[in-house]
S.K.: 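Here's a structure for you.
Ligands are counted one by one from 1 in listed order, and the atoms in each one are counted from 1 as well.
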Amino acid sequence: CGDHGCYGPIDKVEHVRHVKRMQPGAPNATYGPKAPLEWGQVNFLHTTDTHGWLEGHLKEQNYGADWGDFVTFSRRMKQTAGNMGVDLLLVDTGDLHDGNGVSDATKQDGTKSMPIFDEIEYDLLTIGNHELYVTEVAYQMFNEYAKKWGDRYVTSNVKVLNQKTGKFEYVGATHRYFTTPKGLRVMAFGVLFDFTGNSNASQVIKAKDMIKESWFNEALASKEPVDLFILFGHNPVRPTDSASTFKLVLDAIRASHAKTPIQVLGGHSHIRDFAVYDDSAVGIESGRYCETLGWMSVSGFDSSNSGFKGVKNPHGVPNPSRPAKEGSKSPFVYSRRYLDWNRKTFLYHSKQTEKTYDYHSGLRVTGDITKVRDELKLGQVYGCAPQDYCIDCAPFTDPKNIFPGVIYPAVSAVVLNETRKDKSRIILGNTGAIRFDLHKGPFTYDDNFIVAPFRDVFLYIADVPFDKASAVLDKLNKGIVNKRFVSTRVPSDECTNPTLGYMSRRDVREPRGIVRRQDGVVPGYTTKDDWGTDGDDTEHSAIPSYRIPGYWEARASFPKDGSNPDKVDLIFFDFIQSLVLQDLGAGYTADMVQCYINCTFTSQDFMLPYAKLAWQENVDDCPL
Ligand SMILES: Nc1ccn([C@@H]2O[C@H](COP(=O)(O)O)[C@@H](O)[C@H]2O)c(=O)n1
Ligand SMILES: [Zn+2]
Ligand SMILES: [Zn+2]
């Protein structure tokens with residue numbers, strides 16, 4: 001099998017065409033930011049869970065900026081901060097690949113995307129769980145990425161095996177103590193949630209153990225003054241999210257620093273969120289997939305509580321004015337905003353026009369992305385999808401939902417071992433393996449990775465009694481699953497609304513049906529966080545969102561008369577092997593498991609053949 005799976009090399013694709021990037025600012029684009037940003041003494045731009053979406057969203061104008069546009073924006077904003085006499089810190093909280101062809105279409109994830117990602121002058125970065133699933137990727141982070149960033153790469157609780165010494169070593173720095181250009185003395189910790197799905201090339205130290213480490217306690221007891229703690233990490237900011245360990249670490253900091261401000265920046269749960277912990281500790285989470293750029297600003301520093309030497313209230317712009325909590329006695333005031341990732345947003349907040357905006361550095365990065373896309377042939381069209389299919393905007397059984405609409409027919413048709421084609425089969429998968437909606441129109445090589453980015457091998461157990469095999473899905477979806485894969489797609493209980501059903505994490509705390517509609521408002525994020533509903537920089541109407549289960553099942557080659565077979569081949573991703581064996585129960589062991597088609601046929605390999613099989617109508621003239 002080649003880079004493009006087991007269905008023939010790319011030059012056998014009959015309908016090859018590049019999808020053109022949609023131009024931002026098209027006539028229907030009446031939406032845009034609602035007001036200038038509030039600039040404080042220290043300000044933050046925050047990215048998280050970018051998952052390789054450096055090209056931006058080619059099919060969604062509202063998130064259409066690419067990484068080059070962001071390079072320009074980040075540089076312009078740093079200059080603005082400098083001109084105003086305040087600080088701006090750029091922070092990333094991990095999950096850099098698994099989600100897009102730019103990061104995943106190379107033999108090893110990230111080979112082409114990481115150099116593009118590096119073009120931002122980040123002040124602080126940290127590791128995500130997606131950097132630790134695959135051993136080679138973990139080594140890449142340790143040997144190359146962390147080295148490039150030096151002490152800005154902070155991994156307070158993650159170690160990787162140093163192949164030269166045979167010892168586990170921190171990937172980056174355990175913590176970073178630094179002074180900002182305007183004199184703020186900052187202590188930063190970068191904490192990954194208690195992730196357990198890592199390969200054996202890494203070790204994730206649980207937060208409860210990390211806070212007992214001597215380096216951590218020495219950092220907190222240090223005689224060096226600290227004006228601001230930054231607690232950042234691939235870790236949800238919502239304290240009620242069972243995956244989040246921030247509160248534990250925050251409490252440990254508070255034990256010795258009762259009043260010092262703590263700025264939290266998080267990720268992993270793919271939502272926009274803002275959490276208030278106490279009078280001078282707040283946290284922002286900035287979504288996923290280059291849809292959101294997070295903004296925070298903080299003021300309240302003076303000579304009595306800091307070394308800040310900049311401008312107290314930057315002129316000509318609004319300043320933050322909101323205490324973390326009503327009635328707070330803390331001097332610190334804040335603002336938070338979730339920016340939509342498009343050029344209109346970037347132009348507006350940098351006070352530029354289409355003609356004046358671009359920097360050479362940004363244009364060069366845009367050029368690099370185009371080159372990578374061309375080299376990887378990401379624009380090649382394999383089919384013409386007849387309609388939109390989404391992960392959770394329609395009920396799980398609706399034909400508009402991607403599972404019944406695409407995934408079941410695709411795996412039923414394509415995931416087939418010719419030598420066992422007469423056997424009935426049940427195919428099981430985790431819904432978290434399907435990462436994004438599929439849009440009507442050209443289905444490209446890139447879309448293959450956007451929908452199914454993982455290299456999870458299709459395994460099987462032969463001839464499982466139907467009664468046993470058919471009971472597994474229900475067991476996977478019952479109770480225990482939520483604990484096995486904390487914070488994947490299962491919303492927490494607080495998101496349950498008895499009349500409206502469950503919310504997904506896209507708009508996790510906004511009940512469906514409550515839509516703030518205005519003229520010119522387009523569907524998108526309608527975020528509700530600890531401060532209410534005014535955090536979105538661009539107003540949107542809500543997108544419906546339904547609860548989906550943790551696992552799905554497709555069936556193929558069942559008896560035509562509608563009866564059930566005595567036995568089936570039970571097929572599943574290697575990612576869920578241990579759970580499937582557990583749910584099959586006694587008598588089922590790992591030595592009964594084999595590769596189904598072959599040991600390189602993975603979840604990256606079924607969508608392209610399906611597009612070639614099912615979506616050839618209008619393929620030569622497929623409208624975007
Ligand atoms: N090989 C893999 C790895 C991960 N997944 C799915 O991704 C989820 C985690 O993604 P985040 O961006 O939220 O960190 C994980 O829970 C799985 O659902 C997978 O399917 N295969
Ligand atoms: Zn993620
Ligand atoms: Zn993650």
S.K.: Restricting to N/O/S, name the atom of H268 that gets closest to the Zn ion (ligand 3).
M.R.: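 Going by distance to the Zn ion (ligand 3), the closest N, O or S atom in H268 is ND1.
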
S.K.: Assess whether a salt bridge exists between R288 and E291, defined as any Lys/Arg side-chain N lying under 4.0 Å from an Asp/Glu carboxylate O.
M.R.: yes

S.K.: Quick check on contacts: which atoms of ligand 1 are under 4.0 angstrom from a heavy atom of N129?
M.R.: 9 (C), 14 (O)

S.K.: Quick check on the 6.0 Å ring-centre criterion: do Y133 and F195 meet it?
M.R.: yes

S.K.: Relative to the heavy atoms of A433, which atoms of ligand 1 are at a distance of less than 4.0 Å?
M.R.: 20 (O)

S.K.: Is the contact between Y133 and ligand 1 made by the side chain, the backbone, both, or neither, using heavy atoms and a 4.0 Å cut-off?
M.R.: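 For Y133, only side-chain atoms sit under 4.0 Å from ligand 1.
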
S.K.: Polar contacts were defined as any N/O atom of the residue lying under 3.5 Å from an N/O atom of the ligand; does this apply to H234 and ligand 1?
M.R.: no

S.K.: Do Y389 and D437 have side chains that approach each other closer than 4.5 Å (heavy atoms only, starting at C-beta)?
M.R.: no

S.K.: With respect to atom 12 (O) of ligand 1, which of R435, R288, H268 exhibits the smallest heavy-atom separation?
M.R.: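 Looking at heavy atoms only, R435 sits closest to atom 12 (O) of ligand 1.
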
S.K.: For T431, which part has a heavy atom under 4.0 Å from ligand 1: side chain, backbone, both, or neither?
M.R.: neither

S.K.: Classify the angle between the aromatic ring planes of Y445 and F449 as parallel (below 30°), tilted (30 to 60°) or perpendicular (above 60°).
M.R.: perpendicular

S.K.: Considering the heavy atoms of N430, write down every atom of ligand 1 situated less than 4.0 Å from one of them.
M.R.: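 With N430 as reference, the close atoms of ligand 1 come out as 17 (C), 18 (O), 19 (C), 20 (O).
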
S.K.: Do Y122 and H46 have their ring centres less than 6.0 Å from each other?
M.R.: no

S.K.: Near D95, which atoms of ligand 1 are under 4.0 Å from a heavy atom of that residue?
M.R.: 11 (P), 12 (O), 14 (O)

S.K.: Which atoms of ligand 1 are found less than 4.0 Å from any heavy atom of H51?
M.R.: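 This gives 12 (O) as the contact atoms.
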
S.K.: Could you confirm whether S269 has any N/O/S atom lying under 2.8 Å from the Zn ion (ligand 3)?
M.R.: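 Looking at S269, which is the residue asked about, there is no N, O or S atom under 2.8 Å from the Zn ion (ligand 3).
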
S.K.: What angle, in degrees and rounded to 10°, do you get at the Zn ion (ligand 2) when you join it to NE2 of H51 and to OD1 of D49?
M.R.: 110°

S.K.: Taking the six-membered ring for Trp and the full ring for Phe, Tyr or His, determine whether the centres of F454 and H130 are under 6.0 Å apart.
M.R.: yes

S.K.: Where the Zn ion (ligand 2) is the corner point, what angle links NE2 of H270 with OD2 of D95, to 10°?
M.R.: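 Approximately 170° at the metal, rounded to tens of degrees.
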
S.K.: Do NZ/NE/NH1/NH2 and the carboxylate oxygens of R373 and E55 come within less than 4.0 Å?
M.R.: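 Yes.
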
S.K.: W295 and F44: aromatic ring centres closer than 6.0 Å?
M.R.: no

S.K.: Would you check if the distance from the ring center of F396 to the ring center of Y546 is below 6.0 Å?
M.R.: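 No, the ring of F396 stays outside the 6.0 Å limit from the ring of Y546, centre to centre.
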
